[in-house]
Each structure stands twice: as C-alpha cells, then as structure tokens.
Amino acid sequence: LGLPKDVEKIRIPKYPHPHIGLSNRSYQQAKIEQARRENKSLHPLDVWRSVDYRPDEDEDENSPARREAVKAVVNATFRVEDLQREARKGSTEAMYQLAQRYWKGTGVKTDPVRANELAIKAAEAGHVPAMTLLGQWYIEGRGPHGRRASSAVHWLEKAGEAGDGDSFYNLGCLYSDSGDVSHGVKPNLTKEIEYWAKAARLKHPLATFNYANALMEGNGVPSQPALAVRLYETAAEAGAVLDAGYNAGLAHMQGKTDSKGDKAVPRDYSKALWWLRWAAERGHVQAKNQLGVCYSNGRDVATNFTKALEYFTSAAQDGEIQAMANLGILYRQGNGMPQNLDEAYKWFSRAALKGNPQAQFHTAMMKMDGEGCIPDTPGAMDMMNESAQYLAESRYQLASWLIEDKDGSNRTKVGVEMMKEAAVMEMSPYAYFDLAKLYFEGRLLERDRLKAYGYLTQAENMGHPGARKERARMHAIEEREKAHRTRGTGNNDTDSLDFGNSYEFITGSDSSFAPQDSSDV
C-alpha cells in the first residue's frame with residue numbers, strides 16, 4: 001500500500017501512551033471517526049493512541065495482535081483516493097480495503113456491486129482475506145446477487161487450501177446439522193468431518209476440538225479415542241479451548257476403549273486431575289464440579305470435603321446447576337462440616353427451579369419434612385412429581401407418599417400401580433421390598449404370601465440392606481399365626497402385629513444422595 005515509513009517502522013512500547021486514560025482514548029477514537037467521515041488522513045501516532053493494544057515485551061513483530069493493530073492504523077490513515085490509486089497499481093490489499101469501504105459506505109457512497117467486483121478481483125489474484133470475505137458475503141446473502149451457497153463453498157475452499165484454517169472451520173460449520181439450512185447448504189456429516197480434519201491440520205483450535213469429538217464418539221469416522229485425547233490436549237494448549245481440556249480430563253479419568261474393544265486410553269488419574277484443574281483454573285464450571293465430585297467421593301484422590309465445598313461453591317456461584325445440587329447434598333449431610341439445612345434448602349431450591357431432577361427430589365423431601373423451610377405437603381408432592389419424570393428414586397418416593405396418602409388425596413391405588421412399575425420396569429429393590437410387605441400384610445393388595453416372598457427374594461438379590469431381616473420377621477409372624485391356630489383360638493391377630501415402616505427413607509447408596517457429575521460436553 002505504500003505505507004508511510006513511520007507506520008512500517010513504528011516501535012511500540014510495552015504500554016503505549018500510559019498517560020492516556022479512558023476519556024482521552026475515547027476522544028482519540030472520536031477524532032478518528034470524524035476524520036473518516038470527512039475523508040481526511042491522520043498521522044499514524046494519532047491512531048495508535050486510540051488502539052486498545054498492550055503488547056508483551058517479547059511479542060513477535062508479526063503477532064496476530066500487532067497485525068490487528070496495524071490494520072486499524074491502515075484503515076484510519078488512508079483516504080479513499082490513496083486506496084484507489086494503489087488499487088489501480090494492482091495492490092490486492094487496497095482492493096480488499098476498498099471493497100469493505102464500498103460495502104459499508106465509509107468515505108464513499110455505498111455500492112455493493114463495486115464492493116463485490118473489487119473483492120472478486122483481489123481474491124482471484126490470491127488475496128486470502130478477500131476470499132474469506134466473499135465466502136462470508138455469499139453465505140449471508142450480503143452481495144448484490146444474494147445467497148450463493150456454491151460460490152461461498154468455492155471461495156472458502158480456496159482460502160482453506162491457501163492455509164486459512166478459519167475457512168475450513170467455517171465450511172465444517174456450514175455442513176454441520178445445525179438446523180439452519182437458510183444458507184442453502186444441506187447438512188453432510190462426511191463433508192463436515194472432512195473440513196474439521198483439514199482445519200485441524202492447520203492447527204485451528206475449535207476445529208481440532210470438533211474433530212476430536214467425532215473421533216471419540218465414532219461419529220462419521222472410525223472411533224479413535226487415543227488420537228481424540230491427543231487432539232483435545234492440542235486444542236486446549238493451542239487455543240485455550242476449555243471444553244477440550246475438560247474432555248481430556250474425563251477421558252483420562254474414565255479410560256476409553258476403541259471400536260475393537262481394546263483399551264485405547266488407559267485410566268490415568270494424575271493426568272485426569274491435571275487437565276480438570278487446568279480447565280477449572282480458567283473458569284470451566286463443569287470441571288470445577290467434577291473436581292468437587294472427586295474430592296467428596298474420594299474418587300482418584302483422598303477425600304477432602306473442604307476442597308469439595310470450595311469447588312462446588314465456586315461452580316454453583318458461576319451458575320453450574322449440578323454443582324448447586326451437589327452443594328446442597330454436602331450441607332444436608334454435613335460431611336466434613338456442620339450440617340446446615342438452611343443452606344442445603346437454598347441451593348437445592350435454586351437448582352430445582354432450573355429443572356435439576358436430583359435437586360427437585362431433595363427439595364421435595366425437605367418440604368415434606370420441613371427441613372430448612374416451612375412444611376409444605378402439596379408443594380412437596382408437586383416437586384416430587386416433576387422429578388419423577390426423570391428419576392426412578394423419585395417415582396418410588398412419590399408412590400410411597402401416595403400409598404401413605406400424605407396429601408389426603410385418596411390416590412393409594414395410583415401409588416400401588418406406580419410402585420409396581422418401579423419394581424418391574426425400573427428394577428427398584430426398594431419397590432420390590434415394599435410390595436413384598438404390602439402383599440404379606442394384605443393392605444391395599446390381596447394377601448399373597450407366595451408373591452410376598454418372591455418380591456422379597458428379588459429385593460434381597462438386588463442388594464436391599466433390610467431384606468434379610470424382613471424375611472426373618474415374616475417367618476416369625478407366620479410362626480406366631482401357626483401357634484394361634486394350633487392352640488385352637490381361632491383368632492388370627494396378624495392385623496394387630498407391627499409391620500414396621502414400609503416406606504423407609506432412601507439410603508445414601510442411591511444416586512440421588514451422592515454428588516453427581518456434570519453432563520458431558
């Protein structure tokens with residue numbers, strides 16, 4: 001462009017013009033805008049004063065940040081006449097700059113046709129930014145000819161082949177199944193993955209992350225977990241893609257097998273924790289929650305409720321819903337700290353309002369018992385009903401409350417049917433256990449001792465902690481009944497016997513009582 005020498009050779013100090021405050025910088029920016037409107041030229045140093053740019057001491061002269069700052073200077077210091085003169089001499093950069101000015105109407109009358117002609121001329125001469133500009137215009141329909149999907153793909157492909165990773169990345173986005181087909185390009189998984197891979201070879205961080213996801217899931221390509229993890233780590237290190245670091249941590253923690261069933265990524269807890277901490281330190285809320293789960297459950301590290309509380313609190317304050325529920329569990333159980341039902345209810349209710357089923361379960365339990373809040377049976381029933389759409393424990397608990405007629409709605413038969421579904425459809429040992437007791441005592445169901453023992457055996461085989469003791473109690477009751485009949489009293493006092501509480505509180509072994517992972521990215 002024939003830049004003034006003092007622009008090409010300008011030496012930028014680490015903190016240029018430190019005496020200029022925000023108001024002065026705003027003044028300089030206003031001054032430049034006025035000069036642009038009046039199509040006047042400015043001295044480069046005036047422009048530097050308006051550029052919010054703070055280079056490092058050892059920053060490379062060709063760093064992206066510095067190039068952006070130089071571009072700002074070029075845009076501000078050159079009049080349209082200067083650009084037109086250089087464009088006539090064949091400068092593709094001048095054509096590119098003029099194309100944008102004609103499109104935006106900066107210093108000239110808006111002329112989309114002229115803008116398109118200049119951009120095409122620059123692109124055909126090999127100017128990569130002009131190629132990407134044309135691709136963008138054709139996708140968004142900004143050019144004089146409206147949307148042209150084939151032209152957009154053509155120019156983005158040429159830019160990508162010239163080494164522009166952003167163009168291949170944008171092509172991958174274009175072919176992805178995003179639900180938006182207004183640009184005229186039909187989703188194509190094969191092409192999508194192909195462009196992610198091409199952009200990844202050019203070290204584009206987001207494309208590398210997307211390609212790694214495809215390789216991890218075997219989506220459109222054969223599953224290659226080992227390569228996926230390496231790409232996650234590359235994307236994280238190269239572009240600070242926090243989700244990539246988080247996914248790398250999960251992969252090392254869980255271990256991954258390939259499509260043949262071979263162990264492609266062995267469990268490595270030290271690497272897992274390193275990557276989770278890397279993501280958490282940079283603000284990734286799911287990584288914070290995952291670390292809280294590790295420290296609260298003693299997963300891969302020594303149990304440390306203080307650290308778990310710290311990570312859960314940080315993630316919850318940043319809006320991570322599962323962390324809110326997990327924080328409520330710590331406060332309700334009082335693990336490693338004094339029990340605090342008020343705090344537990346506060347965090348459970350916040351997560352419950354955002355639709356977290358586990359938090360809805362706990363909020364309902366606390367409402368029913370008046371823990372940390374005023375007792376609210378109707379509210380508890382409604383909240384448990386919402387949670388029951390997703391959690392088997394909630395369906396079991398709601399069935400128990402209906403059988404006990406907690407809300408006085410006389411829906412005991414509905415409760416019994418829900419309990420049967422919880423037993424047969426969801427294989428709940430607690431549902432089998434309670435049905436065994438109902439069949440044994442003949443309450444709400446026709447007495448059937450054979451079914452009662454069958455259900456109790458099922459509950460015992462599934463690990464119910466009270467099943468063996470209950471079997472002994474049932475045998476004792478039957479022995480007492482037999483003794484009454486032998487003595488000829490003709491009096492069966494089964495109904496006066498104490499059957500205990502059939503609807504016991506779900507134990508801490510259930511998933512609703514353990515801090516949970518965040519959903520995978």
Side-chain angles (χ1 to χ4, degrees), residues 325 328-329 331-333 339 341-342 344-353 355-426 428-447 452 455-456 459 464-467 470 473 495-513:
I329 290 173
Y331 279 120
R332 190 179 185 198
Q333 293 180 341
Q339 186 184 50
L341 296 179
D342 291 340
Y345 181 78
K346 179 182 82 173
W347 287 108
F348 279 141
S349 58
R350 286 185 184 180
L353 289 174
N356 182 277
Q358 187 188 29
Q360 290 171 341
F361 172 88
H362 284 282
T363 303
M365 296 298 293
M366 297 185 81
K367 280 178 178 287
M368 183 63 76
D369 298 334
E371 294 181 347
C373 61
I374 299 172
D376 180 7
T377 299
M381 297 291 288
D382 290 342
M383 186 68 75
M384 192 63 78
N385 187 53
E386 285 188 40
S387 180
Q389 309 303 314
Y390 305 98
L391 288 184
E393 295 96 324
S394 301
R395 287 189 285 276
Y396 162 78
Q397 192 62 55
L398 184 60
S400 298
W401 285 351
L402 289 172
I403 290 171
E404 292 182 87
D405 200 19
K406 286 278 191 181
D407 60 349
S409 62
N410 195 27
R411 291 183 291 166
T412 54
K413 290 184 179 180
V414 175
V416 170
E417 292 305 312
M418 285 184 66
M419 190 69 76
K420 288 180 179 179
E421 288 181 11
V424 178
M425 303 295 291
E426 294 156 7
S428 167
Y430 297 96
Y432 276 116
F433 181 83
D434 284 0
L435 284 171
K437 298 179 81 171
L438 289 176
Y439 275 115
F440 187 85
E441 65 181 89
R443 186 163 78 87
L444 302 178
L445 289 169
E446 185 177 351
R447 182 174 294 170
Y455 280 163
L456 194 61
H464 191 287
E470 183 61 26
R473 196 155 68 94
D495 293 336
S496 67
L497 299 177
D498 179 18
F499 285 93
N501 180 12
S502 297
Y503 316 106
E504 59 196 32
F505 193 60
I506 299 177
T507 68
S509 62
D510 285 84
S511 63
S512 289
F513 273 72

Q. In Å and rounded to the nearest 0.5 Å, what is the NE2 to CD distance from His362 to Gln358?
A. 5.0 Å

(Q) Ring-plane angle category for His464 and Phe433, please: parallel below 30°, perpendicular beyond 60°, tilted otherwise. (A) parallel

Q) Going from CE on Met365 to CD on Glu393, what distance comes out if it is rounded to the nearest 0.5 angstrom? A) 11.5 Å

Q: Please report the shortest heavy-atom distance between Leu398 and Ala388, naming the atom on each side.
A: CD2-CB, 4.2 Å

**Q.** Side-chain heavy atoms of Gln333 within contact of Gln339, under 4.5 Å
**A.** no

Q. Do you know the tightest heavy-atom contact between Ala352 and Thr363?
A. CB-OG1, 3.6 Å

Only distances under 3.5 Å count here; give the side-chain donor-acceptor pairs of residues 373-385 to other protein atoms, sequence neighbours excluded, each with its distance to 0.1 Å.
{"residue": "Asp376", "atom": "OD1", "partner": "Gly379", "partner atom": "N", "Å": "3.0"}

Q | Gap between atom NZ of Lys437 and atom CD of Glu470 - 0.5 Å precision | A | 4.5 Å

Q.
I need the minimum non-hydrogen distance between Ser409 and Asp407, along with the two atoms involved.
A. OG-OD1, 2.8 Å

Q. Which distance, rounded to the nearest 0.5 Å, do you find between the CE of Met419 and the OH of Tyr396?
A. 5.5 Å

Q: Could you pull out the closest heavy-atom pair between Phe348 and Ile329, with the gap in Å?
A: CZ-N, 3.3 Å

Q: Could I get the full list of side-chain hydrogen bond (donor to acceptor under 3.5 Å, both in side chains) partners for Lys420, not counting sequence neighbours?
A: none

**Q.** Residues in ring-ring contact (aromatic ring centres under 6.0 Å, His included) contact with Tyr331, at least two apart in sequence or another chain
**A.** none

Q. What pairs with Arg350 under salt bridge (Lys or Arg N to Asp or Glu O under 4.0 Å), at least two apart in sequence or on another chain?
A. none

Q.
Going by the rule ring-ring contact (aromatic ring centres under 6.0 Å, His included), which residues pair with Tyr345 if we only count those two or more places apart in sequence or in a different chain?
A. none

Q. Considering residues, nucleotides and ligands other than Glu446, do more than 12 of their heavy atoms fall under 6.0 Å from its CD?
A. no

Q) Which atoms form the tightest heavy-atom contact between Met418 and Leu402, and what is the distance? A) SD-CD1, 3.7 Å

(Q) Nearest 0.5 angstrom please: Glu386 CD to Asn356 CG, how far? (A) 12.0 Å

Q. Without hydrogens or angle criteria, can the side chains of Tyr455 and Asp434 be said to hold a donor-acceptor pair below 3.5 Å?
A. no

Q | Interatomic distance, Thr412 atom OG1 to Ile403 atom CD1 [nearest 0.5 angstrom] | A | 8.0 Å

Q: Just jot down the side-chain hydrogen bond (donor to acceptor under 3.5 Å, both in side chains) partners of Ser387, sequence neighbours excluded, or say none.
A: Ser394

Q) Hey, are the side chains of Arg447 and Phe440 touching, using non-hydrogen atoms and a 4.5 Å cut-off? A) no

Q: Output yes when a side-chain donor or acceptor of Arg443 lies under 3.5 Å from a complementary backbone atom of Leu438, and no otherwise.
A: no

Q | Glu371: salt bridge (Lys or Arg N to Asp or Glu O under 4.0 Å) partners, not counting sequence neighbours | A | Arg332

Q: Compare every heavy atom of Ala459 with every heavy atom of Pro429, then report the nearest pair and how far apart it is.
A: O-CB, 3.5 Å

Q.
Among residues at least two apart in sequence or on other chains, which ones pass salt bridge (Lys or Arg N to Asp or Glu O under 4.0 Å) with Glu426?
A. Arg395

Q) Residues two or more places apart in sequence or in another chain: which of them pass side chain to side chain contact (heavy atoms under 4.5 Å, CB included) with Ala423? A) Ala431, Tyr432, Leu435

